[in-house]
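These numbers come from the heavy atoms of this one structure, side chains and all, not from hydrogens, waters or symmetry mates. Computed from a predicted model, the values in this text were never measured in an experiment.
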Amino acid sequence: MTLAYIPSPSTGVLHLGPIPLRGYAFCIIIGVFVAVWLGNKRWIARGGKPGTVADIAVWAVPFGLVGGRLYHVITDYQLYFGEGRDWVDAFKIWEGGLGIWGAIALGAVGAWIGCRLRGIPLPAWADALAPGIAIAQAFGRWGNWFNQELYGRPTDLPWALKISEGPNRAAGLYHPTFLYESLWCLGVAALVIWADRRFKLGHGRAFALYVAAYCSGRVWIEYMRVDEAHHILGLRLNVWTAIVVFVLAVVYFVLSAKLRPGREEVVEPEPSGGSGDGAAPADAAGDAKPAAAGGAGAGAGDAAEAPAGPKDAKPEAAAEAEAKPVGLTKSAPEADKS
């Protein structure tokens, strides 16, 4: 007899009049806000400007949502295009079904567009946001709890998750894999923050560490799940995806450390200012004056070569008198002829 377990909510939707408030959507929204807030603090600490992270997130978040949904629909197409299924359900994102792999991949495309528009390097922005993304995933997994999905094998542990009877699920007590992944993501965020402070990670290496650490946990958590999935050589598709992405992240981390050690000195360049041409009139005026201690010919030559603007123009007699100290035998015109 099980004396303790984690209950599941009886419903994932609360209605405020005609407006449905969905727990899954709230978890995603809270995660996004926390990620942007923490990313902004880290970006400013690296020398960036306030608001830049949010400006780029305006591009990254919609792309990420579309990418996450596309990955889920493509890899679980039988849920939407199989016999007796309604393909319209593929657009019901509030019912759950976002693949982190597609969300990160297409979200990176949106972030790249935003970074290009702001003239900042994508790797630096990704480093600032990396732990925030992990925390956002931790929040997002609780959306699976509201929908009673993504649980593991049956268990009688005190922290077992109680699942009620419903479509595509049987009532019982199961491993709360959503909770395992949520806690793992919090650990990943802490690891990235610590390593970034300790080793001054830059050029995308903090983000690569986040990816590698997340994938290492996703492998064993995914192995525990019992929901329907495609298998390749006896392993779930997401296990293979996690292994491949883990290897790519480690390779990037190692190569980046060798090719571009250290951290970016400037993550958000200042806009170009004035050209400094304001000193030109003073220089021109200075060039127009003959050297007091120089040779007679050199002093007269400088006065003849200096361009005369409207304010510098003088009567010819006054110019000759100014350019001809005592003992000078040649006038400025004569000097030009020599």
Side-chain angles (χ1 to χ4, degrees), residues 8 11-13 20-32 35 57-113 133-134 136-152 163 166-170 174 177-178 180-182 185 211 214-215 217-219 221-246 248:
S8 292
T11 179
V13 185
L21 306 177
R22 304 182 184 277
Y24 185 87
F26 269 114
C27 291
I28 298 294
I29 293 172
I30 292 173
V32 169
V58 170
W59 288 91
V61 172
F63 273 74
L65 290 175
V66 173
R69 188 60 175 177
L70 282 175
Y71 181 89
H72 169 72
V73 171
I74 291 173
T75 56
D76 290 308
Y77 62 88
Q78 72 281 356
L79 300 178
Y80 307 99
F81 303 102
E83 184 177 356
R85 303 287 185 171
D86 187 357
W87 63 270
V88 176
D89 292 341
F91 297 95
K92 297 179 180 179
I93 191 173
W94 55 86
E95 293 183 354
L98 289 175
I100 185 61
W101 317 113
I104 294 296
L106 204 57
V109 174
W112 176 80
I113 295 174
I133 296 176
Q137 289 179 253
F139 278 102
R141 279 308 179 199
W142 283 89
N144 302 130
W145 175 66
F146 278 102
N147 288 346
Q148 297 196 47
E149 58 188 4
L150 303 189
Y151 46 86
I163 296 295
N168 302 317
R169 66 174 186 255
Y174 301 89
T177 51
F178 85 90
Y180 298 160
E181 186 168 336
S182 180
C185 287
V211 173
Y214 170 75
C215 289
R218 181 63 183 265
V219 168
I221 295 173
E222 187 74 21
Y223 189 75
M224 297 179 65
R225 285 168 52 175
V226 295
D227 52 305
E228 185 179 358
H230 296 287
H231 288 72
I232 300 176
L233 299 178
L235 294 178
R236 294 166 65 96
L237 174 61
N238 281 334
V239 172
W240 285 110
T241 304
I243 292 173
V244 171
V245 175
F246 172 83
L248 293 176

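- Using a cutoff of 4.0 Å between basic side-chain nitrogens and carboxylate oxygens, D227 and R236 are scored as salt-bridged.
- Side chains of V32 and F139 form no contact here, defined as non-hydrogen atoms less than 4.5 Å apart.
- We find the CG-CD1 distance between L248 and I243 to be 12.0 Å, quoted to the nearest 0.5 Å.
- The CZ atom of R22 sits 13.0 Å away from the CZ atom of F146 when rounded to the nearest 0.5 Å.
- Rounding to the nearest 0.5 angstrom, the gap separating the SG atom in C185 from the CD1 atom in I100 is 8.0 Å.
- A donor-acceptor pair under 3.5 Å links the side-chain atoms of W240 to the main chain of I232, judged by distance alone.
- Remark: the Y71 side chain and the N238 side chain contain an N/O donor-acceptor pair separated by less than 3.5 Å.
- Looking at L21 and F26, their side chains come closer than 4.5 Å, going by heavy atoms from C-beta outward.
- Note that CZ of R169 and OG of S8 are 8.0 Å apart. Values are rounded to the nearest 0.5 Å.
- Under a 3.5 Å cut-off, the side chain of D86 and the backbone N or O of V88 do form a donor-acceptor pair.
- The heavy-atom pair separating A57 from P62 by the smallest distance is O-CD, 3.9 Å.
- Using a 4.5 Å heavy-atom threshold, the side chains of R85 and Q78 count as separate.
- A 4.5 Å side-chain heavy-atom check between Y214 and E181 finds at least one atom pair inside the cut-off.
- Annotation for T75 and H230: closest pair O-CD2, 2.6 Å, computed over non-hydrogen atoms.
- The two residues A136 and G31 have their closest heavy-atom pair at CB-O, 3.2 Å.
- Taken from CZ in R69 to CG in L98, the straight-line distance is 6.5 Å, to the nearest 0.5 Å.
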message = Checking Y77 against H72 for the ring pair (Phe, Tyr, Trp, His ring centres under 6.0 Å) test, could you report, in this order, the C-alpha distance in whole Å, the side-chain angles of both residues, the deciding distance, and whether it holds?
response = CA-CA 8 Å; Y77 62 88; H72 169 72; over 10 Å; no
request  = Tell me, with the steps shown, if N144 and Y24 meet side chain to side chain contact (heavy atoms under 4.5 Å, CB included).
outcome  = CA-CA 7 Å; N144 302 130; Y24 185 87; 3.8 Å; yes
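- Ring pair F178/W145 is parallel by interplanar angle, where below 30° counts as parallel and above 60° as perpendicular.
- The minimum heavy-atom distance linking P20 with V13 is given by the pair CB-CG1, 3.8 Å.
- Atoms CG and OH, from D89 and Y80 in turn, are 7.5 Å apart once rounded to the nearest 0.5 Å.
- Taking 4.5 Å as the limit, some side-chain heavy atom of E228 sits within range of a side-chain heavy atom of L79.
- Scanning all heavy atoms of the two residues, the minimum distance from G110 to W59 falls at O-CB, 3.1 Å.
- Across all non-hydrogen atoms, the minimal contact from V239 to Y223 is CG2-N, 4.4 Å.
- Judged by distance alone, the side chain of T177 and the main-chain N or O of R225 form no donor-acceptor pair under 3.5 Å.
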